[in-house]
Amino acid sequence: MKTLFDTTILGQRTLKNRVWRSATWLALADAEGDVTDEIVRTYEELAKGGAAMIVTGLTSIVRHDAEIGGGVKFYDDHFIEGHRRLTDAIHKHGALVMMQTAIVDGPVDELTTEQVEDIVRQFGDAAHRAELAGYDGVQIHAAHFFYLSKFISPLVNHRTDRYGCDQLGRTRILYEILKDMRQKTSADFLITMKINSTDEYPGGLSVQDFLVSCKLMADAGIDAIEVSGNGTSHTGIKAGRNEGYFRAAAMSLAALVDVPVVLVGGLRSIEKINQYLNETRVEYISLSRPLVREPNMIQRWLDGDTRPSLCVSCNTCYRTPGHQCIFNLRKK
């Protein structure tokens, strides 16, 4: 019987429980995209709170990328020192940490084959740089209609070279990124992926397309796959009633592949989480908004207070400084 607090092995790394902190944009980087003291403090608080794996928010790995306010960047070596402070702060509390490597946006059909190959190399270089900065791994961000999720979508990608034509072709960029990352990092360095289960747009990525993409990546040796979608933060989630809105897609994937599948989206109670872990082949769960409200929630559960998350799914955290919970801000 699986439980949320099992110690597990992912790749060659030991995780103290099955909880991931899902990548969450903090909007706290400085004007150059460097890690700030406030970012370090935020992640250290999460590490103290009990999650086994922390995935940092979207980190842009190319120099000329679309801007998102307060976004972290990582396109050359000068960023390493700041990220080393972040990884050290997390590791001293017994948690592992992965960088979510991403491109915010860019053209798809217009790129030459050689330009796509250059993007692949830049992701590989970022993984190498992340290992130097002390990360335990990276997560390839192919969700939420950021660049790579657009690249694998038939709604956006109409290429006729090897990076298009069908779903295997559209996924080739992810496959080659994984291979390049493997060549540039150590054997125990984790490489995972977050991917849309559907674009939620007519003509976009379907669940069947998602399964094709994931099967290719699983066969290529990805260490884990976190299943998401464009509708990332549903309102009206009630503990015990409508938790786990990506559960069906995650279950389908877990039945298809042998690599660990991570369930994210609307999880609020330890009872439902343990139920999902035991009714499916899902191996890990990933939390965002509950840990915005209560960074120490996992430790609270470990200490015996197993009340559901206090998060009410209002999504106001997306409109506050540093994406903090509005209820926590009112206490200050």
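- Taking all atoms of both residues into account, the shortest heavy-atom contact from A224 to W20 is CB-CH2, 4.0 Å.
- Side chains of V116 and R159 form a contact here, defined as non-hydrogen atoms less than 4.5 Å apart.
- Ring geometry for H83 versus Y135: interplanar angle of 30 to 60°, hence tilted.
- No side-chain heavy atom of L310 sits under 4.5 Å from any side-chain heavy atom of F327.
- Of all non-hydrogen atoms in N17 and T8, the two that sit nearest each other are O-OG1, 4.3 Å.
- Comment: D88 does not engage R85 in a salt bridge, judged by the lack of any side-chain N to carboxylate O separation of less than 4.0 angstrom.
- Under the 4.0 Å criterion applied to side-chain N and carboxylate O atoms, D77 and R129 are assigned as salt-bridge partners.
- Aromatic ring orientation, F146 versus H141: tilted (interplanar angle from 30° to 60°).
- Here the side chains of V72 and I39 are in contact, with some heavy-atom distance below 4.5 Å.
- You'll find the side chain of D258 reaches within 4.5 Å of the side chain of R281, heavy atoms only.
- A 4.5 Å side-chain heavy-atom check between N196 and F210 finds every atom pair outside the cut-off.
- Side chain to side chain, S153 and Y201 fail the donor-acceptor criterion of an N or O pair below 3.5 Å.
- Using cut-offs of 30° and 60° for the angle between ring planes, the Y163 and F151 rings count as perpendicular.
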Listing, residues 96-109 side-chain donor-acceptor contacts under 3.5 Å, not counting sequence neighbours, or none:
from : atom 1 : to   : atom 2 : distance (Å)
Q100 : OE1    : L58  : N      : 3.3
Q100 : NE2    : Q139 : OE1    : 3.0
T101 : OG1    : Q139 : O      : 3.2
D105 : OD1    : K150 : NZ     : 3.3
D105 : OD2    : K150 : NZ     : 3.3
D109 : OD1    : H158 : N      : 2.7
D109 : OD2    : H158 : ND1    : 3.0

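- Side-chain atoms of Y318 and V292, non-hydrogen and from C-beta on, never get closer than 4.5 Å to each other.
- Every ring pair (Phe, Tyr, Trp, His ring centres under 6.0 Å) that Y75 has, sequence neighbours left out, goes to F79.
- Side-chain atoms of S286 and E226 include a donor-acceptor pair closer than 3.5 Å.
- M217 and L253 end up in the same hydrophobic cluster when Ile, Leu, Val, Met, Phe, Trp and Tyr side chains are linked at under 4.5 Å.
- Of all the heavy atoms in T3 and R18, the pair that sits closest is O-NE, 3.0 Å.
- Contact of the R289 side chain with the R268 side chain is registered, since non-hydrogen atoms from C-beta on lie closer than 4.5 Å.
- The shortest side-chain heavy-atom distance between I195 and S213 falls under the 4.5 Å cut-off.
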